[in-house]
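Got a structure here, written out as structure tokens. Questions coming.
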Amino acid sequence: LAQQLPQTVYLWTMGNASQNVMMSCLAGIVNRDTDGEMLQSPNNGSLPNPRFWLDQLKLTYPQIKVQFSSSPTFFINRYRTMLTGYVLYDRAVNADSVNIATSIAGVTNALVVDPSTLIYATQVGLTLIADARNMTYGQTFTQYGSRFNKDMLFHQDTTKNEPLRDFSIMNHGFMFYSDPTDLNPYASIQNHQGRIYGWGPSEYDLFDRASQNNQETVASNWSWSSSSTAKWKVPLAKQKYHAPANVPTKSGKHYVAFVMSDGDNVQVLTGGWATDPRWYGSPYRGNFNMTWDLTSTLGEMNPIAFNYYYQHASTGAYNDCFVSPGGAGVTFPSQYPDNAGLVASISQSMKSADQTVVSILDPVYNTSALYPILDDAQVMGMMFKTYVSYYKGRNGAIDWHNGKPIVSVRYSLWDGADTALSIADSLNASTHRDALHDPASYSIVNVHPWSTFGPSGSGSGDPMNNLNQLVLRLDPTKVVAVTL
């Protein structure tokens with residue numbers, strides 16, 4: 001892929017809630033037809049501010065210029081010719097109207113305003129295209145449905161301001177919200193293997209309903225400035241290290257892999273995750289072999305962030321390795337009708353991200369849905385997480401299909417499940433240390449990123465500190481830590 005970069009990035013330094021909605025929606029229109037030249041971020045280079053990623057881009061491409069402005073008028077005047085009019089919303093009158101206006105703007109190139117920002121539209125001569133205040137999602141879809149993206153849906157909470165709106169507009173997306181989660185009729189008429197971006201009131205219901213409609217869920221309801229970063233096209237990095245397909249095992253050893261979950265979550269990966277000491281910014285990273293979930297969709301929404309993870313991976317005595325969290329988005333394969341389509345989608349996702357192991361989350365262990373995934377040439381093996389029981393409901397069971405394994409989680413470093421100390425003690429005490437003949441000689445430890453208890457299960461701690469305490473407690477004469 002050839003690089004595609006803006007000559008100058010015009011950075012909106014943020015304002016009040018209504019201004020941020022308006023400017024996010026403007027950015028979606030602008031960035032669709034430029035190389036991502038309009039960015040929203042406070043003028044602060046620390047994560048989660050998107051300026052961090054601009055600064056990373058400039059380390060490699062210092063010729064890119066940056067111009068800062070806190071004036072909405074500057075941006076509206078600059079891009080006036082891209083605008084066809086305005087669409088009016090008012091959350092006080094109709095909470096859904098902000099999503100309806102976002103949807104309409106995506107297919108009409110209208111400026112999205114509420115009563116407090118209307119003056120910005122009228123002072124440059126824009127006229128009303130639609131009044132979203134008295135419209136419903138159904139009416140909006142009836143009127144504009146043929147123009148919406150059939151591969152991307154946006155399920156966004158109406159209280160959100162700048163997050164995700166620019167990315168939806170850039171991609172001509174239909175944005176809606178349901179509580180309780182009900183994705184139809186919209187998801188049912190999307191193309192198979194489409195994506196649903198955003199989130200919902202129930203994680204389970206969102207994954208389940210999306211899967212039933214052959215859709216993949218991308219957690220992204222806090223993602224902001226993605227219309228900018230998605231257009232900064234640079235070649236995607238390759239992993240520094242892959243676990244070998246075949247490794248001679250040692251007798252008398254129990255083999256364990258530590259896997260940090262939730263790398264399907266694009267908003268987290270572009271937020272504080274990269275530098276925060278609780279996660280990828282941990283000073284303990286590189287002290288032991290570690291595997292991380294990382295979605296290929298990050299390479300589409302923010303290739304600069306995607307490359308950051310691969311390029312900053314530890315190598316040498318200990319390695320960071322990355323696996324696919326179910327493909328481009330989370331699905332429950334057991335609930336997904338178009339299995340062949342899902343297999344092809346997962347394969348392409350893993351290929352684009354230079355990944356060979358897939359991590360599947362599902363409430364049901366259904367080999368008729370899982371084996372076809374293993375049959376794909378891109379997939380070397382599978383990690384399986386049960387949706388309930390802290391991902392470890394199959395107690396470490398290993399299943400083989402045509403020479404490829406499905407290894408289920410045995411332990412979960414998760415508040416309320418296992419502690420760092422209990423896992424270490426259990427691994428040290430395990431009598432299963434014959435990796436050639438005894439499948440129970442292998443364990444996967446799921447590392448839950450949001451746990452806050454300490455290594456003993458009480459007090460305060462963080463995932464990477466707890467994991468470091470676990471590793472320090474292991475008996476190296478009995479336990480070997482590897483990557484997936």
Side-chain angles (χ1 to χ4, degrees), residues 240-241 243-244 247 249-263 272-294 309 312-323 357 359 383 385 390-392 395-396 407-435 438 440-484:
K240 289 183 177 180
Y241 174 81
V247 179
T249 56
K250 298 177 182 179
S251 62
K253 304 288 187 182
H254 188 99
Y255 286 82
V256 61
F258 308 112
V259 185
M260 181 77 80
S261 65
D262 289 65
W273 189 274
T275 57
D276 194 301
R278 292 172 292 178
W279 304 303
Y280 203 71
S282 171
Y284 304 117
R285 189 172 61 81
N287 290 356
F288 42 82
N289 287 317
M290 183 76 184
T291 302
W292 304 79
D293 267 359
L294 190 84
Y309 289 101
H312 286 78
S314 301
T315 56
Y318 302 105
N319 298 287
D320 287 314
C321 199
F322 300 88
V323 299
V357 175
S359 174
M383 168 182 169
K385 301 177 290 193
Y390 302 97
Y391 294 173
K392 60 174 187 166
N395 194 33
V407 185
S408 298
V409 171
R410 187 183 305 277
Y411 302 101
S412 201
L413 186 55
W414 191 331
D415 291 349
D418 304 308
T419 70
L421 302 188
S422 72
I423 294 171
D425 291 345
S426 181
L427 290 169
N428 287 335
S430 176
T431 58
H432 299 281
R433 298 201 300 270
D434 181 5
D438 180 5
S441 300
Y442 299 90
S443 294
I444 289 178
V445 176
N446 175 76
V447 182
H448 179 248
W450 317 125
S451 291
T452 58
F453 292 160
S456 65
S458 61
S460 61
D462 67 71
M464 289 298 286
N465 178 61
N466 288 345
L467 183 55
N468 185 63
Q469 293 298 312
L470 189 165
V471 171
L472 290 174
R473 197 178 179 92
L474 292 177
D475 183 344
T477 68
K478 299 177 179 178
V479 184
V480 178
V482 297
T483 60
L484 292 186

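Each residue takes its place number in the sequence, starting with 1. Values reported hereafter were calculated over all heavy atoms of this structure, with side chains retained and with hydrogens, waters and symmetry mates removed.
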**Report entry** Nearest heavy atoms of S359 and D293, plus distance in Å
**Finding:** CB-OD1, 3.9 Å

Report summary line: Residues passing the side-chain contact (heavy atoms from CB on, under 4.5 Å) test with F453, sequence neighbours excluded, are D415

Query raised in the report: Checking side chain to side chain contact (heavy atoms under 4.5 Å, CB included) for the pair V323/M383: CA distance, chi angles, key distance, verdict?
Result: CA-CA 9 Å; V323 299; M383 168 182 169; 5.5 Å; no

Query raised in the report: Of all residues at least two apart in sequence or in a different chain, which pass the side-chain contact (heavy atoms from CB on, under 4.5 Å) check with S443?
Result: H254, V256, R410, Y411, L427

Requested in this report: Using side chain to side chain donor-acceptor pair (under 3.5 Å) as the criterion, list what pairs up with D276, not counting sequence neighbours.
Outcome: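 Testing D276 for side chain to side chain donor-acceptor pair (under 3.5 Å), a comparison that skips the adjacent residues, returns R278.
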
Query raised in the report: H432: what forms a ring pair (Phe, Tyr, Trp, His ring centres under 6.0 Å) with it, not counting sequence neighbours?
Result: none

Query raised in the report: Under the ring pair (Phe, Tyr, Trp, His ring centres under 6.0 Å) test, which residues partner Y391, sequence neighbours left out?
Result: W414

Query raised in the report: Among all residues two or more places apart in sequence or in another chain, which pass the salt bridge (Lys or Arg N to Asp or Glu O under 4.0 Å) test with R285?
Result: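 Partners of R285 under the salt bridge (Lys or Arg N to Asp or Glu O under 4.0 Å) test: D320.
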
Query raised in the report: Where is the tightest heavy-atom contact between A420 and L470, given as atom of each residue plus distance?
Result: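 A420 and L470 have their closest heavy atoms at O-CG, 3.4 Å.
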
**Report entry** Sub-6.0 Å ring centroid separation between Y280 and W292
**Finding:**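 Aromatic pair counts; centres sit under 6.0 Å.
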
Query raised in the report: C321 and A243: which non-hydrogen atoms are nearest, and at how many Å?
Result: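 What the structure gives for the nearest pair is SG-N, 4.2 Å.
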
Report task. Could you tell me whether the side chain of K253 and the main chain of P476 form a donor-acceptor pair under 3.5 Å? Result ->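 Yes.
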
**Report entry** All side-chain contact (heavy atoms from CB on, under 4.5 Å) counterparts of L421, not counting sequence neighbours
**Finding:**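 Scan of L421 (side-chain contact (heavy atoms from CB on, under 4.5 Å), adjacent residues dropped) gives T419, P455, S456, R473.
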
Requested in this report: Could you please spell out the steps behind the side chain to side chain contact (heavy atoms under 4.5 Å, CB included) verdict for I423 and V445?
Outcome: CA-CA 8 Å; I423 294 171; V445 176; 4.0 Å; yes

**Report entry** Exam field: side chain W273 to backbone W279, donor-acceptor pair closer than 3.5 Å
**Finding:**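 No, the answer is negative, given that no donor and acceptor are paired below the 3.5 Å cut-off.
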
Requested in this report: Measure the spacing between CG of L294 and CG of D262 and express it to the nearest 0.5 Å.
Outcome: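 Answer for the CG-CG pair, L294 versus D262, is 12.5 Å.
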
Report summary line: When every non-hydrogen atom of H448 is compared with those of S451, the smallest separation belongs to ND1-OG, 2.8 Å

Query raised in the report: Y442 side chain to A435 main-chain N or O, any donor-acceptor pair under 3.5 Å?
Result: yes

Report task. In sequence, state the C-alpha distance, the side-chain angles, and the governing distance for L467 and F288, and then conclude on side chain to side chain contact (heavy atoms under 4.5 Å, CB included). Result -> CA-CA 10 Å; L467 183 55; F288 42 82; 3.5 Å; yes

**Report entry** salt bridge (Lys or Arg N to Asp or Glu O under 4.0 Å) involving K240 - partner list, sequence neighbours excluded
**Finding:**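 Scan of K240 (salt bridge (Lys or Arg N to Asp or Glu O under 4.0 Å), adjacent residues dropped) gives none.
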
Query raised in the report: Got P449 and M260 here, is their nearest side-chain heavy-atom distance under 4.5 Å?
Result: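 The answer is yes; the side chains approach within 4.5 Å.
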
Query raised in the report: S408: what forms a side-chain contact (heavy atoms from CB on, under 4.5 Å) with it, not counting sequence neighbours?
Result: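 By the side-chain contact (heavy atoms from CB on, under 4.5 Å) rule, S408 matches F384, R394.
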
Query raised in the report: For G416 and Y390, which heavy atoms make the closest approach, and how far apart are they?
Result: O-OH, 3.5 Å

Report task. Return each pair, listed once, that meets side-chain hydrogen bond (donor to acceptor under 3.5 Å, both in side chains) where at least one residue sits in residues 461-472; pairs must be two or more places apart or across chains. Result -> Y284-N465

Distance-only donor-acceptor hits, side chain of residues 477-484, under 3.5 Å, sequence neighbours excluded:
unit_1: T477; atom_1: OG1; unit_2: D475; atom_2: OD1; d: 2.6
unit_1: T477; atom_1: OG1; unit_2: D475; atom_2: OD2; d: 3.2

**Report entry** Side-chain heavy atoms of F258 within contact of L413, under 4.5 Å
**Finding:**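 With C-beta onward as the side chain, the pair stays apart.
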
Report task. Taking all non-hydrogen atoms of both residues into account, name the closest pair between A417 and S412 and its distance. Result -> CB-O, 3.6 Å

Report task. Apply side chain to side chain donor-acceptor pair (under 3.5 Å) to T291 and list each qualifying residue two or more places apart in sequence or on a separate chain. Result -> none

Query raised in the report: For Y318, does the OH atom have more than 12 heavy-atom neighbours from other residues, nucleotides or ligands under 6.0 Å away?
Result: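 Not more than 12 within 6.0 Å, no.
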
